[in-house]
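Each remark here refers to the structure printed beneath this line.
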Amino acid sequence: MFLGSGTRCDYWSEFRHCKSLKNCFHHYYTYGTVPSCQQWKEDYHNCREWEKHRGTEAKEALRRSEKIRVAEQRNFIPVWQLRQEPPRDWHVPLNQEKPQDS
Amino acid sequence: RKKCRLFTQSPSKEEYGYDLFPERKPGEHKKTSIAESLFTFNHKCQVMLQFAVETSPYAKLLLSAMKSSGCKVFKDRHFSCEDCDGTVSGGFDAASSQIVLCQNNIHQQSHMNRVVTHELIHAFDHCRAHVDWFNNFRHLACSEIRAANLSGDCSFTNEVARFNFGLKRHHQECVRGRALRSILAVRKISRAEAEKIVDEVFDSCFNDHAPFGRIPHSKRDAKFAYRDYMNRDRYYANL
(Lines give C-alpha, C1' and ligand atoms only; values in the text may rest on other atoms or scores of the structure.)
Protein backbone atom coordinates (compact mmCIF):
# COMPACT_ATOMS: atom_id res chain seq x y z
CA MET A 1 0.00 0.00 0.00
CA PHE A 2 2.74 2.40 0.84
CA LEU A 3 5.67 0.97 -1.09
CA GLY A 4 7.46 3.97 -2.46
CA SER A 5 4.37 6.09 -2.13
CA GLY A 6 6.24 8.57 -0.01
CA THR A 7 3.97 8.14 2.99
CA ARG A 8 6.63 6.32 5.01
CA CYS A 9 5.33 3.07 6.43
CA ASP A 10 1.91 4.20 7.53
CA TYR A 11 1.13 0.59 8.39
CA TRP A 12 1.57 1.57 12.02
CA SER A 13 -1.38 3.95 11.92
CA GLU A 14 -3.43 1.17 10.31
CA PHE A 15 -2.30 -1.23 13.05
CA ARG A 16 -3.27 1.20 15.78
CA HIS A 17 -6.57 1.88 14.11
CA CYS A 18 -7.18 -1.86 13.79
CA LYS A 19 -6.51 -2.50 17.47
CA SER A 20 -8.52 0.47 18.70
CA LEU A 21 -11.54 -0.17 20.88
CA LYS A 22 -13.82 1.47 18.37
CA ASN A 23 -12.63 -0.70 15.51
CA CYS A 24 -12.86 -3.87 17.60
CA PHE A 25 -16.40 -2.91 18.47
CA HIS A 26 -17.31 -2.26 14.82
CA HIS A 27 -15.76 -5.53 13.74
CA TYR A 28 -17.75 -7.44 16.35
CA TYR A 29 -20.90 -5.55 15.37
CA THR A 30 -20.33 -6.51 11.71
CA TYR A 31 -18.75 -9.97 11.80
CA GLY A 32 -19.27 -11.24 15.33
CA THR A 33 -15.53 -11.58 15.92
CA VAL A 34 -12.61 -9.48 17.07
CA PRO A 35 -10.30 -8.38 14.23
CA SER A 36 -6.89 -9.86 13.67
CA CYS A 37 -4.39 -7.03 13.36
CA GLN A 38 -1.14 -8.95 13.36
CA GLN A 39 -0.56 -8.57 9.65
CA TRP A 40 -0.44 -4.78 9.87
CA LYS A 41 2.26 -5.04 12.54
CA GLU A 42 4.33 -7.44 10.44
CA ASP A 43 3.93 -5.21 7.41
CA TYR A 44 5.12 -2.24 9.42
CA HIS A 45 8.25 -4.08 10.54
CA ASN A 46 8.96 -5.27 7.01
CA CYS A 47 8.49 -1.76 5.73
CA ARG A 48 10.89 -0.30 8.27
CA GLU A 49 13.35 -3.09 7.46
CA TRP A 50 13.12 -2.24 3.79
CA GLU A 51 13.53 1.46 4.48
CA LYS A 52 16.72 0.86 6.46
CA HIS A 53 18.42 -1.88 4.49
CA ARG A 54 16.49 -2.08 1.20
CA GLY A 55 16.41 -5.83 1.56
CA THR A 56 14.55 -7.75 -1.14
CA GLU A 57 13.16 -10.24 1.38
CA ALA A 58 11.31 -7.55 3.29
CA LYS A 59 10.05 -6.01 0.06
CA GLU A 60 8.78 -9.33 -1.24
CA ALA A 61 7.07 -10.11 2.06
CA LEU A 62 5.32 -6.75 1.88
CA ARG A 63 4.29 -7.29 -1.73
CA ARG A 64 2.86 -10.71 -0.88
CA SER A 65 0.90 -9.32 2.00
CA GLU A 66 -0.55 -6.51 -0.09
CA LYS A 67 -1.47 -8.86 -2.90
CA ILE A 68 -3.36 -11.03 -0.44
CA ARG A 69 -5.14 -7.93 0.84
CA VAL A 70 -6.19 -6.95 -2.68
CA ALA A 71 -7.31 -10.51 -3.44
CA GLU A 72 -9.44 -10.56 -0.30
CA GLN A 73 -11.24 -7.48 -1.51
CA ARG A 74 -12.13 -9.24 -4.75
CA ASN A 75 -13.14 -12.50 -3.12
CA PHE A 76 -16.70 -12.64 -4.41
CA ILE A 77 -18.53 -13.39 -7.65
CA PRO A 78 -20.08 -10.18 -8.97
CA VAL A 79 -23.80 -10.12 -9.52
CA TRP A 80 -23.50 -7.84 -12.53
CA GLN A 81 -21.23 -7.31 -15.48
CA LEU A 82 -18.82 -4.42 -15.23
CA ARG A 83 -18.92 -1.78 -17.93
CA GLN A 84 -16.11 -1.01 -20.34
CA GLU A 85 -17.38 2.54 -20.76
CA PRO A 86 -19.57 4.84 -18.68
CA PRO A 87 -23.29 5.09 -19.52
CA ARG A 88 -23.82 7.12 -22.66
CA ASP A 89 -26.55 9.32 -21.23
CA TRP A 90 -24.75 10.30 -18.04
CA HIS A 91 -23.88 13.77 -19.34
CA VAL A 92 -26.87 14.32 -21.63
CA PRO A 93 -28.43 17.66 -20.56
CA LEU A 94 -31.88 17.59 -18.99
CA ASN A 95 -34.87 18.69 -21.09
CA GLN A 96 -33.14 17.25 -24.09
CA GLU A 97 -34.02 13.70 -23.20
CA LYS A 98 -36.86 12.03 -25.01
CA PRO A 99 -40.16 12.35 -23.14
CA GLN A 100 -41.05 9.15 -21.41
CA ASP A 101 -44.34 7.32 -21.71
CA SER A 102 -46.54 7.82 -18.68
CA ARG B 1 -37.15 6.61 7.67
CA LYS B 2 -37.29 4.95 4.32
CA LYS B 3 -34.06 5.61 2.55
CA CYS B 4 -34.26 5.16 -1.10
CA ARG B 5 -36.33 4.67 -4.12
CA LEU B 6 -34.91 3.37 -7.33
CA PHE B 7 -37.28 4.18 -10.08
CA THR B 8 -37.47 3.91 -13.78
CA GLN B 9 -39.44 4.83 -16.81
CA SER B 10 -42.58 2.80 -17.00
CA PRO B 11 -46.01 3.01 -18.54
CA SER B 12 -47.41 2.79 -15.04
CA LYS B 13 -45.34 5.17 -12.96
CA GLU B 14 -46.95 4.13 -9.67
CA GLU B 15 -45.54 0.64 -10.12
CA TYR B 16 -41.98 1.76 -9.76
CA GLY B 17 -42.18 4.34 -7.01
CA TYR B 18 -42.57 7.49 -9.10
CA ASP B 19 -45.73 8.35 -7.13
CA LEU B 20 -43.49 9.16 -4.16
CA PHE B 21 -41.81 11.87 -6.18
CA PRO B 22 -44.71 14.00 -7.46
CA GLU B 23 -42.44 16.70 -8.87
CA ARG B 24 -40.66 14.19 -11.04
CA LYS B 25 -42.88 14.13 -14.11
CA PRO B 26 -41.31 12.14 -16.92
CA GLY B 27 -40.02 14.42 -19.65
CA GLU B 28 -40.45 17.61 -17.60
CA HIS B 29 -37.88 19.32 -15.44
CA LYS B 30 -39.14 22.09 -13.23
CA LYS B 31 -37.14 25.28 -12.81
CA THR B 32 -37.39 27.13 -9.48
CA SER B 33 -37.80 30.91 -9.20
CA ILE B 34 -35.30 33.00 -7.25
CA ALA B 35 -37.88 33.65 -4.50
CA GLU B 36 -38.49 29.95 -4.15
CA SER B 37 -34.78 29.32 -4.05
CA LEU B 38 -33.89 31.67 -1.23
CA PHE B 39 -36.42 31.11 1.52
CA THR B 40 -37.50 27.53 1.33
CA PHE B 41 -36.57 23.97 2.04
CA ASN B 42 -35.03 24.02 -1.40
CA HIS B 43 -32.41 26.53 -0.36
CA LYS B 44 -31.65 24.64 2.84
CA CYS B 45 -31.32 21.44 0.83
CA GLN B 46 -28.90 23.06 -1.61
CA VAL B 47 -26.77 24.44 1.20
CA MET B 48 -26.63 21.11 3.03
CA LEU B 49 -25.83 19.30 -0.19
CA GLN B 50 -22.94 21.67 -0.91
CA PHE B 51 -21.60 21.11 2.60
CA ALA B 52 -21.92 17.35 2.23
CA VAL B 53 -19.99 17.13 -1.03
CA GLU B 54 -17.27 19.40 0.30
CA THR B 55 -16.74 17.89 3.74
CA SER B 56 -17.98 14.30 3.91
CA PRO B 57 -15.10 11.88 3.28
CA TYR B 58 -17.65 9.29 2.14
CA ALA B 59 -19.06 11.64 -0.50
CA LYS B 60 -15.63 12.88 -1.60
CA LEU B 61 -14.38 9.36 -2.16
CA LEU B 62 -17.45 8.40 -4.17
CA LEU B 63 -17.25 11.55 -6.27
CA SER B 64 -13.58 10.88 -7.05
CA ALA B 65 -14.33 7.29 -7.92
CA MET B 66 -17.13 8.32 -10.24
CA LYS B 67 -14.93 10.87 -11.93
CA SER B 68 -12.30 8.18 -12.49
CA SER B 69 -14.97 5.95 -13.96
CA GLY B 70 -16.02 8.57 -16.49
CA CYS B 71 -19.08 9.82 -14.64
CA LYS B 72 -18.03 13.17 -13.31
CA VAL B 73 -20.81 14.49 -11.11
CA PHE B 74 -22.05 18.04 -11.59
CA LYS B 75 -24.16 19.27 -8.71
CA ASP B 76 -26.64 21.15 -10.89
CA ARG B 77 -27.06 18.32 -13.35
CA HIS B 78 -26.93 15.22 -11.21
CA PHE B 79 -28.59 16.32 -7.99
CA SER B 80 -32.12 17.59 -7.56
CA CYS B 81 -33.77 18.85 -4.38
CA GLU B 82 -37.49 18.14 -4.51
CA ASP B 83 -40.52 17.63 -2.33
CA CYS B 84 -41.38 13.99 -1.84
CA ASP B 85 -44.30 12.08 -0.41
CA GLY B 86 -44.23 10.18 2.83
CA THR B 87 -41.01 9.77 4.69
CA VAL B 88 -38.73 8.88 1.82
CA SER B 89 -35.36 10.64 1.98
CA GLY B 90 -34.03 10.29 -1.52
CA GLY B 91 -33.68 8.22 -4.64
CA PHE B 92 -31.65 7.55 -7.73
CA ASP B 93 -33.33 8.03 -11.09
CA ALA B 94 -31.40 5.97 -13.62
CA ALA B 95 -33.55 7.30 -16.47
CA SER B 96 -32.31 10.85 -16.01
CA SER B 97 -29.04 10.05 -14.21
CA GLN B 98 -30.12 12.14 -11.24
CA ILE B 99 -29.98 11.81 -7.51
CA VAL B 100 -33.15 13.09 -5.89
CA LEU B 101 -32.93 14.59 -2.42
CA CYS B 102 -36.18 15.01 -0.53
CA GLN B 103 -35.92 18.58 0.72
CA ASN B 104 -39.03 18.27 2.89
CA ASN B 105 -37.71 15.21 4.70
CA ILE B 106 -34.03 15.98 5.23
CA HIS B 107 -33.49 18.54 7.98
CA GLN B 108 -30.14 17.70 9.50
CA GLN B 109 -26.69 17.79 7.96
CA SER B 110 -25.80 14.31 9.23
CA HIS B 111 -28.89 12.93 7.55
CA MET B 112 -28.05 14.74 4.31
CA ASN B 113 -24.52 13.31 4.41
CA ARG B 114 -25.91 9.82 4.72
CA VAL B 115 -28.52 10.20 2.00
CA VAL B 116 -25.97 11.67 -0.40
CA THR B 117 -23.59 8.79 0.30
CA HIS B 118 -26.34 6.20 -0.08
CA GLU B 119 -27.56 7.56 -3.41
CA LEU B 120 -24.04 8.11 -4.73
CA ILE B 121 -23.40 4.41 -4.18
CA HIS B 122 -26.32 3.64 -6.48
CA ALA B 123 -25.02 6.16 -8.99
CA PHE B 124 -21.55 4.63 -8.74
CA ASP B 125 -22.97 1.16 -9.40
CA HIS B 126 -24.90 2.56 -12.38
CA CYS B 127 -21.70 4.09 -13.68
CA ARG B 128 -19.37 1.11 -13.36
CA ALA B 129 -21.67 -1.81 -14.09
CA HIS B 130 -24.50 -2.83 -16.37
CA VAL B 131 -27.15 -2.62 -13.69
CA ASP B 132 -30.60 -3.48 -14.93
CA TRP B 133 -32.58 -1.36 -12.49
CA PHE B 134 -35.77 -1.99 -14.39
CA ASN B 135 -36.04 -5.75 -14.67
CA ASN B 136 -33.40 -7.48 -12.60
CA PHE B 137 -34.32 -7.74 -8.93
CA ARG B 138 -30.95 -9.25 -8.09
CA HIS B 139 -29.22 -6.13 -9.35
CA LEU B 140 -31.60 -3.95 -7.39
CA ALA B 141 -31.07 -5.98 -4.25
CA CYS B 142 -27.31 -5.90 -4.70
CA SER B 143 -27.13 -2.14 -4.95
CA GLU B 144 -29.41 -1.74 -1.94
CA ILE B 145 -27.27 -4.13 0.10
CA ARG B 146 -24.15 -2.19 -0.83
CA ALA B 147 -25.75 1.16 -0.10
CA ALA B 148 -27.05 0.07 3.32
CA ASN B 149 -23.69 -1.55 4.09
CA LEU B 150 -21.35 1.24 3.09
CA SER B 151 -23.22 4.48 3.72
CA GLY B 152 -23.47 4.31 7.50
CA ASP B 153 -27.21 3.57 7.36
CA CYS B 154 -26.65 0.57 9.62
CA SER B 155 -24.21 2.03 12.10
CA PHE B 156 -24.73 1.07 15.72
CA THR B 157 -25.85 4.56 16.71
CA ASN B 158 -28.32 4.86 13.84
CA GLU B 159 -29.82 1.50 14.72
CA VAL B 160 -30.11 2.39 18.39
CA ALA B 161 -31.86 5.61 17.37
CA ARG B 162 -34.40 3.43 15.55
CA PHE B 163 -34.75 1.32 18.71
CA ASN B 164 -33.14 -1.65 17.00
CA PHE B 165 -30.89 -2.97 19.72
CA GLY B 166 -28.48 -5.62 18.54
CA LEU B 167 -24.78 -6.25 18.78
CA LYS B 168 -23.18 -9.38 17.44
CA ARG B 169 -23.37 -9.31 13.63
CA HIS B 170 -26.30 -6.91 13.90
CA HIS B 171 -24.86 -4.81 11.07
CA GLN B 172 -25.60 -7.63 8.63
CA GLU B 173 -29.13 -8.07 9.94
CA CYS B 174 -29.74 -4.36 9.48
CA VAL B 175 -28.35 -4.39 5.93
CA ARG B 176 -30.52 -7.34 5.02
CA GLY B 177 -33.62 -5.75 6.52
CA ARG B 178 -33.14 -2.38 4.86
CA ALA B 179 -32.40 -3.90 1.47
CA LEU B 180 -35.54 -6.00 1.76
CA ARG B 181 -37.72 -3.05 2.70
CA SER B 182 -36.32 -0.94 -0.13
CA ILE B 183 -37.12 -3.61 -2.70
CA LEU B 184 -40.62 -4.19 -1.36
CA ALA B 185 -41.32 -0.47 -1.49
CA VAL B 186 -40.63 -0.14 -5.21
CA ARG B 187 -41.48 -3.48 -6.71
CA LYS B 188 -44.63 -5.57 -6.57
CA ILE B 189 -43.28 -8.87 -5.32
CA SER B 190 -44.01 -10.92 -2.26
CA ARG B 191 -41.94 -10.68 0.86
CA ALA B 192 -40.90 -14.31 0.52
CA GLU B 193 -39.67 -13.71 -3.01
CA ALA B 194 -37.79 -10.60 -1.97
CA GLU B 195 -36.16 -12.43 0.93
CA LYS B 196 -35.06 -15.18 -1.40
CA ILE B 197 -33.47 -12.70 -3.78
CA VAL B 198 -31.67 -10.87 -0.99
CA ASP B 199 -30.36 -14.18 0.37
CA GLU B 200 -29.09 -15.20 -3.05
CA VAL B 201 -26.99 -12.10 -3.60
CA PHE B 202 -26.13 -11.18 -0.02
CA ASP B 203 -22.70 -12.78 0.31
CA SER B 204 -21.45 -11.38 -2.96
CA CYS B 205 -22.80 -7.88 -2.50
CA PHE B 206 -22.01 -7.54 1.21
CA ASN B 207 -18.37 -8.28 0.38
CA ASP B 208 -18.20 -5.82 -2.51
CA HIS B 209 -16.79 -2.74 -0.80
CA ALA B 210 -15.95 -0.74 -3.93
CA PRO B 211 -14.83 2.01 -3.99
CA PHE B 212 -14.10 2.11 -0.25
CA GLY B 213 -11.97 -1.00 0.04
CA ARG B 214 -13.45 -1.56 3.49
CA ILE B 215 -16.74 -1.01 5.33
CA PRO B 216 -16.39 2.57 6.62
CA HIS B 217 -17.89 2.56 10.09
CA SER B 218 -16.90 6.09 10.85
CA LYS B 219 -15.54 9.25 9.28
CA ARG B 220 -12.10 8.08 10.33
CA ASP B 221 -12.52 4.82 8.39
CA ALA B 222 -13.76 6.81 5.44
CA LYS B 223 -10.70 9.10 5.60
CA PHE B 224 -8.38 6.08 5.64
CA ALA B 225 -10.28 4.67 2.68
CA TYR B 226 -10.10 8.00 0.84
CA ARG B 227 -6.33 8.17 1.37
CA ASP B 228 -5.91 4.62 0.10
CA TYR B 229 -8.09 5.38 -2.90
CA MET B 230 -6.08 8.47 -3.85
CA ASN B 231 -2.84 6.46 -3.60
CA ARG B 232 -4.15 3.50 -5.52
CA ASP B 233 -2.34 4.14 -8.80
CA ARG B 234 1.07 4.13 -7.15
CA TYR B 235 -0.04 1.20 -5.05
CA TYR B 236 -0.98 -1.01 -7.97
CA ALA B 237 2.12 0.04 -9.88
CA ASN B 238 4.25 -1.01 -6.94
CA LEU B 239 2.53 -4.36 -6.68
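These numbers were taken from a predicted model, which means no experiment stands behind them. Below, chain A is the first sequence line, B the second, and so on; all start at residue 1.
Of the two parts of A:T33, neither the backbone nor the side chain holds a non-hydrogen atom closer than 4.5 Å to a non-hydrogen atom of chain B. For B:C71, the parts lying near chain A are the backbone and the side chain together; criterion is any non-hydrogen pair under 4.5 Å.
The backbone N or O of A:V92 sits less than 3.5 Å from a side-chain atom of B:R77, completing a donor-acceptor pair. The closest donor-acceptor contact from the side chain of A:R83 to the backbone of B:V131 lies at 3.5 Å or more, if one exists at all. With B:S204 contributing its side chain and A:I77 its backbone, the two residues share a donor-acceptor pair below 3.5 Å. For B:Q172 (side chain) and A:T30 (main-chain N/O), a donor-acceptor pair under 3.5 Å exists by modelled atom type.
If you take CG on A:L82 and CG on B:D125, they are separated by 10.0 Å, rounding to the nearest 0.5 Å. B:I215 CD1 to A:H27 NE2: the interatomic distance, rounded to the nearest 0.5 Å, is 8.5 Å. Taken to the nearest 0.5 Å, the OG atom of B:S97 stands 4.5 Å off from the CG atom of A:D89. Distance check, rounded to the nearest 0.5 Å: CD of B:E173 to OH of A:Y29 gives 9.0 Å.
Options B:A210, B:C205, B:G213 differ in how many heavy-atom pairs under 4.5 Å they form with chain A, and the most are formed by B:G213. Taking A:Y31, A:W80, A:F76 one by one and counting their heavy-atom pairs under 4.5 Å with chain B, the maximum is reached by A:W80. In terms of heavy-atom pairs under 4.5 Å with chain A, the best-connected choice from B:N149, B:D132, B:L167 is B:L167. Most heavy-atom pairs under 4.5 Å with chain A, from the set B:E200, B:H126, B:H209: that is B:H126.
The two residues B:K168 and A:G32 have their closest heavy-atom pair at CE-O, 3.5 Å.
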Original post:
What do the steps show when you test B:D221 against A:H17 for side chain to side chain donor-acceptor pair (under 3.5 Å), and what is the final call?
Top reply: CA-CA 9 Å; B:D221 276 351; A:H17 175 68; 2.5 Å; yes
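Between B:H78 and A:W90, the ring planes are parallel. Angles under 30° get that label, and only those over 60° would be called perpendicular. Between B:H217 and A:H26, the two ring planes are parallel [angle under 30°; tilted spans 30° to 60°].
Environment of CZ in A:R88: sparse, with no more than 12 heavy atoms of neighbouring residues, nucleotides or ligands closer than 6.0 Å. Other residues, nucleotides and ligands place no more than 12 heavy atoms under 6.0 Å from the CD atom of A:E57. Heavy-atom contacts from other residues, nucleotides or ligands closer than 6.0 Å to NZ of B:K75 number more than 12.
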